[in-house]
Each structure stands twice: as structure tokens, then as C-alpha cells.
Amino acid sequence: MKIIAVNAGSSSLKFQLLEMPEEKEIASGIVERIGNKNAEFTFKFNGEKFVKKGEILDHSKAVELVIEGLLKHGVINKLEEIEGVGHRVVQGGELFKDSAVIDDEVVAKIASLNDLAPLHNPAHIIGINAFRKALPNVIQVAVFDTTFHQTMPEESYLYSVPFEWYEKYGVRKYGAHGTSHQYVSEIAAKRLGKEDTKIVVCHIGNGASITAVKNGKSVDTSMGLTPLEGIPMGTRSGNVDPTIFGLIAKKEGKSIDQILNDLNKHSGYLGVSGVSHDSRDIVDAAHQGNHRAQLAITIQAKRIADYIGSYFVLMGGLDAIVFTAGIGENAKEVREAIVDRLSAVGAKLDPVANNSRGEKEISAADSKVKIWVIPTNEEVMIARDVMRLRK
Ligand code: AMP
């Protein structure tokens, strides 16, 4: 059975077609710069890549192109072969404790959360509507980045701010990357082969979050009301003292939105190093002796190690640390910088294993904590939920 997993952004639409229940990727692609004259559609199938450039005015047109591509390349022979669509939705607030079969009411609920994810939820709705129009008789499921973190206790998700902010506006920690944290922590739990497990997942990509997963449930995570909180990322600052707002507004005459933009887009690796947001450039520059590039890695590694230490205390121990996402899976230097700081929790790296690629155990034989690299697969989680909810 073929299920399509969709991730719609404000000007992009990513998809992956999977054969289920085998969980095998059949085709994937991305439409970029939607709404633009020089939009681009990249389609991958059978190890080949096809790129089409031109005007793609809106998401409906992008969905048409995806379906046309699937038919043209013989991935499917007719539309009816697609038996389910799963949509990644960044913010489910407290309204969604599980993935949901999409109907008008679910769309309205997702829209009601727009204030909490102004860049993401409106774009997801556009993508959902475009697919509902193109495939009206097919089940569509919303899979939220936040549901996995809905198990956090109050003391983890509440901020110590005026309580009415939570009651009136939903100001609390929601977390993100939930499907990824769930996917890799389930694999890690299986490997541990026991019921009571204490796992920290380090999802480190352009966006990055650290989650404490106890007995299969998220009990704390580093991202907050939005994906700006937590550890420093490619271009995001992670935690800062909010007093910075007043100081920079006064000194540079900037508005709240401008300062938020600086914290979201001009901070993290990019802000500290002045070199790039990309970990590959940062690692190269650090090797060449660029002090600020070295600092960008060290500051992030320190903050991640601090989170792991605090989650060790929270869970009363630690069985495994898992690295995943673009940097966690690929940047051995970043993993090394983090684990070097973790002797207090008994974590020790095997430098040879850390040097090799792919899914693997990278802890030393005498490490008290297992350390694994486990590639994430958010699309599989989305397709699994479509399968579960279509029954
Ligand atoms: P993601 O957001 O998960 O796609 O991760 C993007 C990040 O992963 C970027 O900072 C990339 O530099 C990093 N990345 C991807 N591939 C590699 C690689 N082979 N070596 C080091 N970093 C990588």
C-alpha cells in the first residue's frame, strides 16, 4: 500500500512516497520557491534525480506537479494507488495528544494554533487543503511534532512566569521534533531490551533539540514555546537572557520582531563564527584554526552536555545517548566535543567507531552509558500513523 508523507512550508513542499507496511521509500522530492517565477521541482526515483524549473504559483499547483511526476515516471499507474496522506504539522498545542484524521474541524483546530507557530501552521494548512482537493477520497492524517512531548509533567512544561499567560495564551513548553525523538528512542529501547529505560535523544540538525525519554515517554525537552529555546543551532541562539531585548532595542533602535529575527536567523553557529550556519563549514574553519568557529562548536557542545547532565539527574540515571539528524548522524567532531564533557555521567566514546559512518554504536567498551548513532526517519513515523488511523 502506498502512503505519501508531506511536509509543507510557506514556500516549499517536501514529500516522500512509501510502500507500507514495508516502510520502503519509493520516491521523494521537493518543490521549492512556490509562488515564484523561478520555482524548482526536484523529483527522486530509482536512484535518479529529475529537476524541473519554472513558475509554480501556489501549493495547489505544486501538489498537481507532484502527482503528475508520480504518474509520468510510472511510480504509480493511477491516482487511486495512493491510499493515504500524512501531513507533518509543527504545532498541535494541547489540542492534539495524538495524530488526527483530518476533517474541517481538525483544520480549524490547527488554524486556532497559528499564533504559536506563525511560520509553520498556516503553511501546513495550505498544503493540507491542496492535497484534500487533489485526493478528496483518501484519508489524510495530521501528525504533530508536539504530541510526543505531551507526556511532559507540569514542572517540565510550565515556565515560571505569571500563570495567566499560560491560562490565557497557552504560554508553555511544547517541544518539537517529536516524531524524530520517538522514532529513534523506540529503536534504542528495543536495543536495550528492557522495560524501564532512560534515554537522551540528541536531534542535532539545522534545528536541534535534546529530549529526556523515560520508559518510552518524553519527560522533558529543550525546545519550548517555539523552536528558538534550548541549545544553540545553525542560526538560532537557543536560551538567552530576555533582558537582551531591552538592551539591543535601546542600543540599536530595533523592534521586537527585528531582534527575534536576529535570534532566529543570525545567531547560533552563524552568529558566533561569522563563517556559516552549516556544520561542515564550521568544522573546516575550526580545523584551520578559526577561533570563532571553534567557539561555535564548543559553546553548543557545552550546552548540549549541560542538558544531558540535567536529564541524567531528572531521570535518575542514563542508559543510552542517541545522536540523530544531519549533524548528529554525520559530524563526528561535534559528537566528540559533546561526549568529551560527559565523564561525570560515565559516557565514553570509542574514537574508531565514532569515525565510521552510518548507524552504529560509538561508545567505548568500558562506557557506563551506551552511545548510538541512529538515523532518524520522520516520514516513516508519519506513514505508520496513517496506517494506524485508517483502520
Ligand atoms: P538537518 O536539519 O537534519 O537536515 O541537518 C542539517 C545539518 O546537517 C547541516 O548543518 C549540515 O551541515 C549537517 N550535515 C549534513 N551532512 C553532513 C555531513 N556529511 N557532515 C557533517 N555535517 C553534515
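Indexing begins at 1, ligand by ligand and atom by atom, following the structure's order. Computed from heavy atoms alone, side chains included, the values below leave out hydrogens, waters and symmetry copies.
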Is it true that a side-chain atom of Tyr159 and a backbone atom of Leu225 form a donor plus acceptor pair closer than 3.5 Å? yes
Please check if the side chain of Asn121 supplies one atom and the backbone of Gln91 the other of a donor-acceptor pair under 3.5 Å. yes
For a quick check under 3.5 Å, do Glu229 and Thr226 share a side-chain donor-acceptor pair by atom type? no
Residues in the immediate environment of ligand 1 (any heavy atom closer than 4.0 angstrom): Gly205, Asn206, Asp278, Ser279, Arg280, Ala325, Gly326, Ile327, Asn330, Arg357
Looking at every heavy atom in both Ala142 and Ile110, which two are closest together, and how far apart are they? CB-CD1, 4.1 Å
Looking only at heavy atoms, which two atoms of Ala320 and Trp372 are closest? And how far apart? CB-CZ3, 3.6 Å
Per-pair distances, 0.1 Å, donor-acceptor, side chain in residues 167-186, under 3.5 Å, sequence neighbours excluded:
{"unit_1": "Arg172", "atom_1": "NH1", "unit_2": "Glu94", "atom_2": "OE2", "d": "2.8"}
{"unit_1": "Lys173", "atom_1": "NZ", "unit_2": "Asp220", "atom_2": "OD1", "d": "3.1"}
{"unit_1": "Lys173", "atom_1": "NZ", "unit_2": "Thr221", "atom_2": "O", "d": "2.6"}
{"unit_1": "Tyr174", "atom_1": "OH", "unit_2": "Gly170", "atom_2": "O", "d": "2.6"}
{"unit_1": "His177", "atom_1": "ND1", "unit_2": "Ser209", "atom_2": "OG", "d": "2.8"}
{"unit_1": "Ser180", "atom_1": "OG", "unit_2": "His203", "atom_2": "ND1", "d": "2.8"}
{"unit_1": "Ser180", "atom_1": "OG", "unit_2": "Thr376", "atom_2": "OG1", "d": "2.7"}
{"unit_1": "His181", "atom_1": "ND1", "unit_2": "Thr211", "atom_2": "OG1", "d": "3.3"}
{"unit_1": "His181", "atom_1": "NE2", "unit_2": "Ser209", "atom_2": "OG", "d": "2.8"}
{"unit_1": "His181", "atom_1": "NE2", "unit_2": "Thr211", "atom_2": "OG1", "d": "3.2"}
{"unit_1": "Gln182", "atom_1": "NE2", "unit_2": "Glu186", "atom_2": "OE2", "d": "3.1"}
{"unit_1": "Ser185", "atom_1": "OG", "unit_2": "His181", "atom_2": "O", "d": "2.7"}
{"unit_1": "Ser185", "atom_1": "OG", "unit_2": "Gln182", "atom_2": "O", "d": "3.2"}

